[in-house]
Amino acid sequence: MEDSLALLTTEQRNLRSKHMDQMSTGEILTVMNKEDQRVAEAVQTVLPQVEEAIKHITTALKKGGRLFYVGAGTSGRLGILDASECPPTFMVPPDKVQAVMAGGGSALSRARENTEDNEQQGKVDLKEKQLTDLDVVVGITASGRTPYPIGALKYAGEKGAYTISLSCNPLSEISAFAKTSIEVVVGPEVLTGSTRLKAATAHKMILNMISTTTMVHLGKVYENLMVDVHASNHKLRERAKRIIVECTQASYEKADQTLVEADFQVKPAIVMLQSGVSYEKALNLLDKNEGHLRQALRTQDE
């Protein structure tokens, strides 16, 4: 095990930062910045695999399934971050996109790295979610060999859920348990073995792509506007009003009034203003078009 771990790309030394302890601040920053630029290039090479993953996630969510991110340490925290942003940004129910992390919620702020070695616990924690064959599970691990997400992905496969792996090493162990494997090889870290750096950046970029593109396909975006934003505080309500003004050319005051009439939901407010219909009619049009605003407006015009 020790020998195989030492061979991982993510555990190799980066020759460009070998003398980091002797570098000036500016030199360290320059090296880190150049290494980060390599991350985007690595992500570009796996876009076909990311696209494949998104296709299956979108299909699953349309059928009533759920998306689960499973990971330990930094990988688990990235899953929690992406999942937690979906309800306020896209107004999806909290259970639609979930994160399962080794060590539970307490591991979010205090490292419990020993919990990642328990493969059985990955299965147990995911089993508590009452997984079905409608769901999708993404196992996240920079090394590609972390037992916790591997255990979760094995269990997901047994339940018939669609399985996706996200790692940063070629021929990762976890890939063997995924129907779609995404191996984004970013190379050795500036700080040897510290996968909270380039590996984590690559995974954050890919998770951004997965959640955002999936929500576009689910009708949560109009043009490039978050028309399903949850207007739950002053900042978000102001953003909602600006979106309504942008889409309808209505006055700020009219947008404010209509947003209130639409129970602070942006899409029905836009339909109401653009099509001159009631709130109930706007909801009906959106429902008929599976929440897609553009199609709802086109249906009304027809």
Side-chain angles (χ1 to χ4, degrees), residues 51 53-69 82-99 129-130 132-136 162 207-302:
E51 182 178 358
I54 291 169
K55 180 182 72 174
H56 290 284
I57 292 169
T58 301
T59 298
L61 267 57
K62 283 183 176 180
K63 292 181 177 179
R66 300 165 295 172
L67 171 61
F68 291 94
Y69 296 132
D82 199 71
S84 65
E85 291 291 348
C86 287
T89 308
F90 302 110
M91 209 184 295
V92 296
D95 66 340
K96 184 60 72 172
V97 182
Q98 300 182 48
K129 300 296 183 177
Q130 299 182 319
T132 76
D133 59 3
L134 292 177
D135 299 324
V136 178
Y162 195 85
L207 293 178
N208 285 347
M209 292 176 175
I210 287 174
S211 56
T212 302
T213 308
T214 296
M215 295 303 163
V216 171
H217 293 327
L218 294 178
K220 302 292 185 179
V221 175
Y222 177 73
E223 295 182 351
N224 63 346
L225 300 170
M226 54 174 79
V227 288
D228 258 337
V229 62
H230 186 205
S232 57
N233 62 24
H234 176 74
K235 179 190 75 172
L236 295 176
R237 287 181 181 178
E238 288 303 307
R239 179 180 296 162
K241 295 171 195 174
R242 291 196 302 273
I243 291 172
I244 294 170
V245 170
E246 179 74 21
C247 291
T248 67
Q249 307 305 309
S251 66
Y252 175 88
E253 292 73 18
K254 186 64 174 177
D256 185 16
Q257 175 189 338
T258 309
L259 183 63
V260 173
E261 293 173 358
D263 195 26
F264 297 99
Q265 298 174 75
V266 174
K267 286 195 295 192
I270 292 172
V271 174
M272 290 164 68
L273 286 169
Q274 286 288 77
S275 302
V277 298
S278 67
Y279 173 53
E280 290 74 19
K281 176 64 173 177
L283 289 178
N284 183 256
L285 284 169
L286 287 165
D287 185 59
K288 285 183 177 179
N289 290 279
E290 298 181 331
H292 289 265
L293 177 57
R294 187 179 300 277
Q295 293 174 206
L297 294 172
R298 186 181 299 125
T299 300
Q300 175 62 23
D301 291 339
E302 294 172 352

When rounded to the nearest 0.5 angstrom, what distance separates [atom1] in [X] from [atom2] in [Y]?
X	Y	atom1	atom2	value
Tyr162	Thr59	OH	OG1	10.0 Å
Asp256	Ser251	CG	OG	9.0 Å
Thr89	Leu236	OG1	CG	8.5 Å
Ile210	Leu67	CD1	CG	7.5 Å
Lys62	Thr214	NZ	OG1	10.0 Å
Lys281	Ser278	NZ	OG	8.0 Å

Next on the checklist: The criterion is side-chain contact (heavy atoms from CB on, under 4.5 Å); which residues satisfy it with Ala255, sequence neighbours excluded?
Outcome noted: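 For Ala255 the side-chain contact (heavy atoms from CB on, under 4.5 Å) partners, ignoring immediate neighbours, are Ile244, Val245.
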
Could you tell me which non-hydrogen atom of [X] sits nearest to which non-hydrogen atom of [Y], and how far apart they are?
X	Y	value
Thr258	Ala269	CG2-O, 3.6 Å
Pro87	Ser84	CD-O, 3.5 Å
Ala83	Val97	CB-O, 3.6 Å
Val277	Ala282	CG2-N, 3.9 Å
Leu273	Ala250	CD1-CB, 4.1 Å
Leu297	Val271	CD2-CA, 4.0 Å

With a 3.5 Å distance limit and no angle check, can you tell me whether [X] reaches the backbone of [Y] through a side-chain donor-acceptor pair?
X	Y	value
Glu290	Asp287	no
Lys267	Gly291	yes
Asn289	His292	no
Lys96	Gly65	yes

Would you mind reporting whether [Y] and [X] have side-chain heavy atoms less than 4.5 Å apart?
X	Y	result
Arg239	Met226	yes
Val229	Phe264	no
Met272	Tyr279	yes

Next on the checklist: Determine whether Val136 and Phe68 satisfy the following criterion, side-chain contact (heavy atoms from CB on, under 4.5 Å), listing intermediate values before the conclusion.
Outcome noted: CA-CA 6 Å; Val136 178; Phe68 291 94; over 6 Å; no

Would you list the atom pairs, donor with acceptor, under 3.5 Å between side chains in residues 216-225 and any protein atom, with sequence neighbours excluded?
from, atom 1, to, atom 2, distance (Å)
Lys220, NZ, Phe90, O, 3.4
Lys220, NZ, Asp228, OD2, 3.3

Checklist entry - Under 3.5 Å, is there a donor-acceptor pair between the Gln257 and Glu253 side chains? => result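 Looking only at side-chain atoms, Glu253 and Gln257 do not form any donor-acceptor pair under 3.5 Å.
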
Checklist entry - Charged N to carboxylate O under 4.0 angstrom, Lys235 versus Glu238? => result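 Salt bridge between Lys235 and Glu238, a charged N being under 4.0 Å from a carboxylate O: no.
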
Checklist outcome for this item: Applying salt bridge (Lys or Arg N to Asp or Glu O under 4.0 Å) to Asp135 and not counting sequence neighbours gives Arg66

